[in-house]
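Everything numeric here is computed off the predicted structure, so don't read it as measured data.
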Amino acid sequence: MVNAPEVIEGIVDDVVYADPDSGYIVFDLDIGDEFITVTGTLGSIEEGEAVRVTGTYTTHAKYGDQFKADACERKLPATETAILKYLASGTIKGVGPGLAKKIVDRFSTEALTVIEEHPEQLVQIGGISASTAEQISLEFKRVNGVRTLMIFLGGYNVAPSLVMAAWKRWGQFAESVIKQDPYMLCSPDIGIDFSVADHIAADQSISPDHPSRVQAGLVFYIDQCMKNGHTCIPRSVLVEETAKILKVEETTIEDNMQTAVDEERISIYTKSDREYALLYDTDRAEDRIAARLIAMTAIFKDSGSDSKDLIDIEEKTKMITYADKQREAIAKALSGGLLILTGGPGTGKTTTLKAIISLYEQRGLKVTITAPTGRAAKRVSDLTGYPAKTIHRLLEVVFDNSGALRFKHNESDQLDTDVMIIDEMSMVDTMLFDSLLKAMKLSCRLIMVGDSDQLPSVGAGDLLRDMISSGCIPTVALNEVFRQAEQSLIVTNAHRIVNGQYPDISHADKDFFFIQRDEIDDASQMIVELCAKRLPDAYGYDVDDIQVLCPSRKGRMGTIELNKLLQQRINPPTPDKAEVKMPLCVFRDGDKVMQTKNNYDMKWERDKEKGTGVYNGDIGTVVKVKKSGSVMIDLDGRVAEYSRKALEDVELAYAMTVHKSQGSEFNAVVIPLLGCSEKLYYRNLIYTAVTRAKKQLILIGSVRVLKYMVDNDRRTLRYTCLCDRLKKLKDSK
């Protein structure tokens, strides 16, 4: 078992390394009886400072034992020895070892107070003029600024990296700027949560109806809506809800709305005579997407060229017969260059896509295949035989001069490809699609493949459904289930579900099973038994082959509780397994885990290849829990070392939500239909879950819940403006 974080304190003896941009620092700490090397993103720390650091002991492969600090409390040096070391270190420009000794000899432990508050007294020392004294004082205040800012914002549990972002923006004036307007911390380049800024504002006695607070509140509420998938929100709803959150009058919200629009923080878009509010950047992204797609419909207007002979040759070469809809899709891809290919399981999307790729390559065109997640990219690569990358890896994440994330490939550095194929298009969100389009040459063809009946993206937007609904983008919907696929109850039942018909659950000898359990305890025990024994014994499956998919994370049948039960049975604690305890779970050697947020900095190795970046939805296995507290995780061959901080974005993955499973397929899928909120019981959620199974699908729970989900065609309603933008642009041409 890994120990809880420890606390050590002492005097900084030597700063070994410091990066002023990131705030990362390595220093030797004198704790009285020994020196300890401390590392971490802690900001500016100087020799002679008294510090109290919280973290864990680690062992670096090259540098040996270290203390990895997550937090640091600072105090200016208080003893003559520490003050002399601090001043003699060269930290303050203009003060060297000789002058440092004179200052300490004259003012003793009051030396730093004199420098900061009474610099005129420094002229008592020979060789220091009034102007030099003032310069020393200003330099001390500048150097000391980061320290005081760290202390100030640290009191609100603001991470050191965010403190450094604030310091880089406002420098020595940061603390005074923040105290005057804490809501400036909510800007995208710093990104502190609104609630933290609100706490600081309350401590500074800033009025609840202050314009900065109201405008930040508007942005905050829209941002929260985006986290629920919306790109916009009705203006009337925004006014009403923001007024409730901020506890101010609606007229106050209205009075500040126009200012937020004028300052390009939010935008107002009108559709169907109703106004919608959205963040300015989202507005620009939707507008660019619509403009680019409509431009492409003109550039790649169907030439009407007859590709019948080419398709006939492809059939003979591949010894296959394409259905009429498949031929239509292939022909449209060849004669045009912009196409949405959609359809449910077993309708031949992959076969059609392989023909399109083959015929494009025969023309000498360079084809690039991408998908939103690593699992989706691997799946389309395995199915088509062509290499595929995630969109993030394709665009290449880099950092600009300010330390902000951006993509290497954009309007100024476009991708070298003639055809872009995006698989699992239903999972792509608005901002990511905008970035991809910007990185594509105007002459680049675009084929988008997906199932519009699946759940929409985790991020904001409903792109695939919006594009199809607009009627502006060439679309072919494959609707014929092929004979081989018809033999699978998974496929036929998926189509029954999406058409509003109840699935056939009468067979016990096929690939689609229903197990009636009306009590939560009985159902959870059956899920554990299936995953730990029955399915492995019957089919030889291992832990990666079997996936429990839940509608929700919460509740007794949610992922959090089921993961605990499954872990206890599948990977129980033993004396030879190291483990690390986190707030929601314990990770131990051999556990199945999942990344829950994008981490662009995470370094990984795969054989001799090295890279950075792990992404939301990546699934892996804990290879080793180290004594230091870090954890080695294998993510489909990429092995990364996670600190305790990085582990906050990892969770057990024996069970996962249906949303998180998108883009993946598993040999066996187990779905609990019991003990969840009815808000999450709807048709396209159960459809998405069922279509994740390749060989076996087991439903456990209530027939009533299953029928309710099939009957409930309440699609995941998302407020977006893209469909309307496409129609308006198309009509204006």
Side-chain angles (χ1 to χ4, degrees), residues 1-19 22-45 49-75 150-151 154 157-164 573 575-591 593 595-597 599 601-605 614 620-635 639-652:
M1 179 73 69
V2 174
N3 294 328
E6 298 185 50
V7 177
I8 58 174
E9 52 186 304
I11 305 296
V12 178
D13 180 73
D14 179 36
V15 175
V16 179
Y17 172 81
D19 183 349
S22 67
Y24 181 77
I25 191 167
V26 180
F27 60 88
D28 290 332
L29 187 66
D30 181 355
I31 64 170
D33 55 354
E34 66 175 312
F35 291 90
I36 295 175
T37 300
V38 179
T39 69
T41 304
L42 306 172
S44 176
I45 296 175
E49 279 195 82
V51 298
R52 185 174 187 265
V53 289
T54 304
T56 53
Y57 285 97
T58 66
T59 302
H60 192 280
K62 183 176 180 181
Y63 300 112
D65 292 341
Q66 297 178 338
F67 188 86
K68 190 167 187 178
D70 298 317
C72 177
E73 298 176 40
R74 296 169 174 77
K75 293 180 180 179
M150 281 280 184
I151 293 171
N157 295 319
V158 175
S161 59
L162 298 182
V163 177
M164 290 305 300
D576 62 324
K577 287 181 184 174
E579 58 183 39
V580 57
K581 183 173 287 187
M582 298 297 289
L584 289 179
C585 66
V586 171
F587 295 118
R588 63 177 62 101
D589 295 348
D591 271 331
V593 295
Q595 180 77 21
T596 61
K597 291 182 182 177
N599 184 334
D601 297 326
M602 180 65 70
K603 295 178 181 179
W604 52 261
E605 293 186 14
V614 292
T621 303
V622 173
V623 177
K624 182 177 180 58
V625 176
K626 293 188 170 183
K627 291 180 180 179
S628 63
S630 64
V631 176
M632 304 300 296
I633 298 178
D634 185 332
L635 299 151
V639 179
E641 182 171 357
Y642 282 71
S643 65
R644 284 186 65 91
K645 181 67 176 174
L647 280 175
E648 293 176 4
D649 296 332
V650 177
E651 59 186 34
L652 293 172

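One finds the CE atom of M632 at 11.5 Å from the CG atom of D589 (value rounded to the nearest 0.5 Å). We find the CD1-OH distance between I8 and Y57 to be 4.5 Å, quoted to the nearest 0.5 Å. Atom CG of L652 sits about 11.0 Å away from atom CE of M582, to the nearest 0.5 Å. To the nearest 0.5 Å, the span separating CG on L647 from CZ on F587 amounts to 5.5 Å.
T54 has its side chain out of reach of D70: every pair of non-hydrogen atoms, C-beta onward, lies at least 4.5 Å apart. Contact of the E651 side chain with the C585 side chain is not registered, since no non-hydrogen atoms from C-beta on lie closer than 4.5 Å. Counting heavy atoms from C-beta on, the side chains of Y642 and V614 come closer than 4.5 Å.
The salt bridge (charged side-chain N to carboxylate O under 4.0 Å, His left out) test with E641 singles out one residue from K626, K68, K624, and that residue is K626.
The nearest pair of heavy atoms linking I36 to I31 is CD1-CD1, 3.5 Å. Counting all heavy atoms, side chain and backbone alike, E9 lies closest to L29 at C-CD2, 4.2 Å. Across every non-hydrogen atom of N599 and Q595, the tightest pair is CB-NE2, 3.9 Å. The shortest non-hydrogen separation linking D649 to K597 is OD1-CD, 3.5 Å. Pairing each heavy atom of T39 with each of Q66, the nearest pair is CG2-OE1, 3.6 Å. Closest non-hydrogen pair, L42 versus C72, comes out as CD2-CB, 3.9 Å.
Not one N or O on the side chain of T621 forms a donor-acceptor pair closer than 3.5 Å with the backbone of G590. With hydrogens and angles ignored, the 3.5 Å screen pairs a side-chain donor or acceptor of R644 with a backbone N or O of K581.
Evaluation of the ring pair (Phe, Tyr, Trp, His ring centres under 6.0 Å) rule for F35 yields no partner, not counting sequence neighbours. With sequence neighbours left out, D13 forms a salt bridge (charged side-chain N to carboxylate O under 4.0 Å, His left out) with K85.
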